[in-house]
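Report on the following structure.
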Protein chains: 2
Amino acid sequence: MASSIRDVAREAGVSVGTVSNVLNRPEKVSPATVERVLAAIERLGFVRNDAARQLRVGRSRSIGMVVLDTRNPFFTDVAHGAQAQALSDGYTVLLGGSDEDSSREVALLDLFEEQRVAGLLISPVHTDLSRLWRLREAGTPVVLVDRGSSDHSFSSVSVDDVEGGRIAAQHLVDIGRSRIGFIGGPLAIEQVAQRLEGAQAVVSKYRGVALTVFQPQALTVLEGRRIGEEIVAMPAATRPDALFAANDLLALGVIQALVMTGSLRVPEDIALVGYDDIDFAGAAVVPLSSVRQPATEIGATAVKLLMHEADGDRGPEQVVFQPTLVSRASTLGYE
Amino acid sequence: MASSIRDVAREAGVSVGTVSNVLNRPEKVSPATVERVLAAIERLGFVRNDAARQLRVGRSRSIGMVVLDTRNPFFTDVAHGAQAQALSDGYTVLLGGSDEDSSREVALLDLFEEQRVAGLLISPVHTDLSRLWRLREAGTPVVLVDRGSSDHSFSSVSVDDVEGGRIAAQHLVDIGRSRIGFIGGPLAIEQVAQRLEGAQAVVSKYRGVALTVFQPQALTVLEGRRIGEEIVAMPAATRPDALFAANDLLALGVIQALVMTGSLRVPEDIALVGYDDIDFAGAAVVPLSSVRQPATEIGATAVKLLMHEADGDRGPEQVVFQPTLVSRASTLGYE
DNA sequence: TCTGATCATTGAAACGCTTCAATAACGAAT
DNA sequence: ATTCGTTATTGAAGCGTTTCAATGATCAGA
């Protein structure tokens with residue numbers, strides 16, 4: 001069986017307290033003793049039991065993170081940024097994906113709560129935040145990721161999604177398109193709803209420009225392809241001449257559908273803007289214009305806010321990044 | 001503070017043993033009592049402390065997973081498959097990325113060992129497996145993922161990488177190419193070395209066909225782009241007329257470089273095969289031919305083998321999947 | 001009425017760690 | 001020689017579970 005701190009103490013001829021000190025505050029122990037204990041640890045192949053440590057200390061050194069989709073490169077990048085920052089603060093990030101399903105989300109929260117995570121980063125499916133309130137009441141700091149806290153009750157780090165929708169739609173209008181299709185859903189996802197809102201705001205300013213909404217079941221390549229096929233099948237008169245997809249996964253799926261059937265050209269017949277500017281966007285059949293968000297920075301910032309909350313010095317803070325448009329071939333851009 | 005099982009016991013007027021039974025074997029407790037306890041739990045907002053449970057039980061309900069790169073969609077898919085399978089067995093997967101760096105790998109192993117994970121899935125950077133031996137000796141089942149166990153001492157689930165290299169190279173020869181470039185590295189990564197080995201085996205069978213090796217620092221889009229630029233800069237006479245990239249990230253990077261400079265056409269001037277067939281491969285500028293591996297199935301199988309090891313019935317098992325070629329435009333294929 | 005057998009509940013003993021008040025050891029200062 | 005301060009070490013308490021032998025309650029059968 002795995003040896004315990006007690007075995008190490010016996011082996012090194014010291015007390016358990018001393019072994020614990022060697023592990024946690026070696027500067028409090030005389031060098032000779034440290035050496036002796038380390039040798040014993042080595043000899044026994046001792047590995048500290050984190051469960052026991054945690055039980056005693058009350059909190060874990062892990063941060064729970066819930067994102068909408070672990071397979072979406074955008075969230076992978078956010079998580080990567082969070083990981084790196086957490087590491088430098090001595091924490092570990094546990095990543096879980098809700099797959100945009102609120103029951104999976106609840107299951108993850110249960111799990112993290114049982115683990116007594118040091119904090120929670122979440123990109124919630126729900127608009128209902130009561131569960132998060134409870135968690136926070138119970139002493140677990142919570143930071144909303146990629147989603148603002150409208151009433152400022154939570155710390156959050158987000159990107160201005162309304163503005164993102166605005167610049168995407170404006171760009172399409174600027175290149176002369178008038179029948180704009182928005183692809184995104186479920187609309188219950190705040191980010192999607194806000195990007196739509198931004199697009200609508202622009203469209204309503206121009207007479208002669210109309211917006212049609214296509215609602216996929218999920219924000220995936222597969223669903224994008226399905227919607228793309230749907231659009232190809234529309235009569236040319238009503239078919240959009242420009243599309244704004246709520247994320248790049250959808251956009252890439254749409255491109256696949258358009259290009260594979262070969263009947264419609266991008267951007268000549270249909271221009272296309274995506275969202276997130278994932279690494280793969282620039283390498284697409286038709287390099288994809290996209291609204292860029294600073295993914296890793298979002299993750300890193302979220303962890304920083306979490307640390308602030310944990311310190312308890314200040315109240316909730318909101319950080320809002322501004323999105324930028326990256327224009328490529330799919331909207332006549334160069335690059 | 002968070003309430004304990006003791007508080008629940010008091011609130012419900014029963015003993016702690018009974019509360020524990022309600023939590024773990026409700027069928028052993030009379031319905032009336034179950035109800036009373038559940039009500040008390042609800043009233044107090046009790047959440048079981050997993051650290052204490054784990055300390056008592058000795059093992060956690062988590063499986064540690066170490067992959068080479070959490071941002072590579074291939075591994076994301078493998079992890080997803082593992083997650084799903086683990087879930088149905090009542091486990092959780094903790095995912096960590098080594099970034100192909102063995103010190104990060106060691107740090108992750110330390111972490112997982114301290115957590116007393118129920119098992120370990122690993123796609124190791126190292127060829128040296130002694131650390132894993134020790135872990136296994138200590139009672140933690142280990143399964144190698146995407147990597148065979150040459151001496152059959154570990155359970156493993158892998159794909160025949162030599163065969164993968166073979167079919168990729170054979171395909172390039174079949175479409176009439178003779179100056180083949182292999183892009184992959186570091187060669188210390190077994191998968192890369194084996195794919196190269198397979199390619200070499202094919203090339204050596206044909207006189208007049210030569211293989212050049214390009215070694216990126218890492219298997220990323222960025223490195224692919226760098227190598228791609230290097231290739232563009234080569235004199236036409238010695239420049240490869242076909243490339244085989246050790247994974248799709250590299251291949252997409254290469255494509256970006258080739259297409260952006262605009263001087264070389266794919267596949268006319270240079271044909272290109274990738275590896276993994278990630279979702280984005282089919283949506284690339286020039287849809288990418290690729291060697292497909294059954295990613296989610298690999299993950300799911302790995303968890304199954306882990307469960308077998310844990311049961312201890314049988315010895316180590318090796319599962320080897322066969323890769324298949326998906327031919328697209330980048331090698332004159334259709335689709 | 002009594003005896004077992006069955007079922008539900010109890011309560012205390014770990015699990016392995018950290019923490020902290022108490023003790024020991026040892027010079028320095030008186 | 002005595003006292004004081006400093007530094008190093010000790011050992012026991014307690015974190016919140018699970019588990020299991022022991023106890024109590026209930027009931028069928030004789």
Side-chain angles (χ1 to χ4, degrees), chain A residues 1-38 40-41 44-62 90 110-111 113-118 138-139, chain B residues 1-38 40-41 44-62 90 110-111 113-118 138-139:
Chain A
M1 270 304 89
S3 48
S4 77
I5 217 179
R6 188 155 249 112
D7 303 318
V8 174
R10 189 175 331 110
E11 176 81 12
V14 298
S15 74
V16 294
T18 300
V19 176
S20 177
N21 281 335
V22 168
L23 257 25
N24 301 300
R25 315 176 204 63
E27 75 282 0
K28 294 271 167 206
V29 182
S30 78
T33 311
V34 170
E35 189 151 345
R36 202 141 38 88
V37 170
L38 255 25
I41 287 178
L44 265 45
F46 165 81
V47 177
R48 185 219 257 104
N49 183 325
D50 193 57
R53 171 209 186 76
Q54 203 172 298
L55 172 58
R56 182 59 236 241
V57 170
R59 282 237 160 270
S60 86
R61 302 289 285 171
S62 303
D110 286 344
L111 181 72
E113 208 172 346
E114 289 195 355
Q115 313 246 58
R116 302 291 193 269
V117 291
Chain B
M1 271 306 88
S3 49
S4 78
I5 217 179
R6 187 153 251 114
D7 303 318
V8 175
R10 189 175 332 110
E11 176 81 13
V14 298
S15 74
V16 294
T18 299
V19 176
S20 177
N21 281 334
V22 169
L23 257 25
N24 301 301
R25 315 177 204 61
E27 75 284 358
K28 295 270 164 205
V29 181
S30 77
T33 311
V34 170
E35 188 149 346
R36 204 141 37 88
V37 171
L38 256 25
I41 287 178
L44 265 43
F46 164 80
V47 177
R48 184 218 256 105
N49 183 325
D50 193 56
R53 172 209 186 76
Q54 205 172 296
L55 172 59
R56 180 58 236 239
V57 170
R59 282 237 158 270
S60 86
R61 302 291 285 171
S62 302
D110 287 343
L111 181 73
E113 207 174 346
E114 288 194 356
Q115 313 246 60
R116 301 290 192 270
V117 291

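Remember, predicted model here, so these are calculated numbers, not experimental data. Chain identifiers are assigned alphabetically (A, B, ...) following the order of the sequence lines, protein sequences preceding nucleic acid strands; residue numbering begins at 1 within each chain.
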Please tabulate, for the side chains in residues 49-58 of chain B, all donor-acceptor contacts under 3.5 angstrom to protein atoms that are two or more places apart in sequence or on a different chain.
from  : atom 1 : to     : atom 2 : distance (Å)
B:N49 : OD1    : B:A51  : N      : 2.8
B:N49 : OD1    : B:A52  : N      : 3.3
B:Q54 : NE2    : B:Q115 : O      : 3.1

**OP:** Send over the distance from A:Q54 CD to D:dG16 P, rounded to a whole Å.
**Re:** 13 Å
**OP:** Round to the nearest Å and state the distance from A:K28 atom NZ to D:dT6 atom P.
**Re:** 13 Å
Original post:
If you pin B:G13 and B:A52 to their nearest nucleotides in DNA chain C, which one's is more 5'?
Top reply: B:G13
**OP:** In whole angstrom, give the distance that lies between atom CZ of A:R56 and atom P of C:dT18.
**Re:** 9 Å
Original post:
A:S20 side chain: which of D:dG16, C:dT18, C:dT9 is closest?
Top reply: C:dT18
Subject >> Side-chain donor or acceptor of A:R116 paired with backbone N/O of A:E113 under 3.5 Å >> reply: yes
Original post:
Taking only N and O in the side chain of A:T33, is any of them less than 4.0 Å away from OP1 or OP2 of D:dA8?
Top reply: no
Original post:
Whole-Å distance between D:dA8 P and A:R25 CZ?
Top reply: 14 Å
**OP:** Compare all side-chain heavy atoms of B:I41 with those of B:L23 and state whether any distance is below 4.5 angstrom.
**Re:** yes
Original post:
Looking at the side chain of B:S30, which of C:dA8, D:dT17, C:dC17 is the nearest nucleotide?
Top reply: C:dA8
Subject >> Distance, rounded to the nearest Å, where B:D7 contributes CG and D:dC15 contributes C1' >> reply: 13 Å
Subject >> Closest to the B:R6 side chain, choosing from D:dT17, C:dG11, C:dT18 >> reply: D:dT17
Original post:
Atom CD1 of A:I5 and atom P of C:dT18: how far apart are they, to the nearest Å?
Top reply: 5 Å
**OP:** Give the nucleotide from the list C:dC17, C:dT10, D:dT17 with an atom nearest to the side chain of B:R48.
**Re:** D:dT17
Original post:
What pair of heavy atoms forms the shortest contact from B:V117 to B:S60, and how long is it?
Top reply: CA-OG, 3.6 Å
**OP:** May I have the step-by-step check of side chain to side chain contact (heavy atoms under 4.5 Å, CB included) for B:V22 and B:V14, ending in yes or no?
**Re:** CA-CA 11 Å; B:V22 169; B:V14 298; over 6 Å; no
Original post:
Is A:R36 reaching over with its side chain to a backbone N or O of A:A12, donor-acceptor style, under 3.5 angstrom?
Top reply: yes
**OP:** Of all the heavy-atom pairs spanning B:I5 and B:F46, show the shortest one and how long it is.
**Re:** N-CE1, 3.5 Å
Subject >> Residue mapping more 5' on DNA chain D - nearest nucleotide basis, A:R116 or A:P31 >> reply: A:P31
**OP:** Rounded off to whole Å, could you give me the CZ-to-C1' distance for the B:R59 and D:dT17 pair?
**Re:** 18 Å
**OP:** Go through D:dT9, C:dT10, D:dT17 for me and flag the one nearest to the B:S4 side chain.
**Re:** D:dT17
**OP:** Counting heavy atoms from C-beta on, name the nucleotide in C:dC17, C:dT9, D:dA12 closest to the side chain of B:N21.
**Re:** C:dT9
Subject >> Distance in angstrom units between A:L23 CG and C:dT18 C1', rounded >> reply: 11 Å
**OP:** Pick base, sugar-phosphate or nothing for A:N24, based on heavy-atom distances below 4.0 Å to the nucleic acid.
**Re:** sugar-phosphate
**OP:** Return the angle between end axes of the helix from C:dT1-D:dA30 to C:dT30-D:dA1, with five pairs used per end and rounding to 10°.
**Re:** 50°
**OP:** Starting at CG of B:L111, measure out to CZ of A:R61 and round the result to the nearest 0.5 Å.
**Re:** 11.5 Å
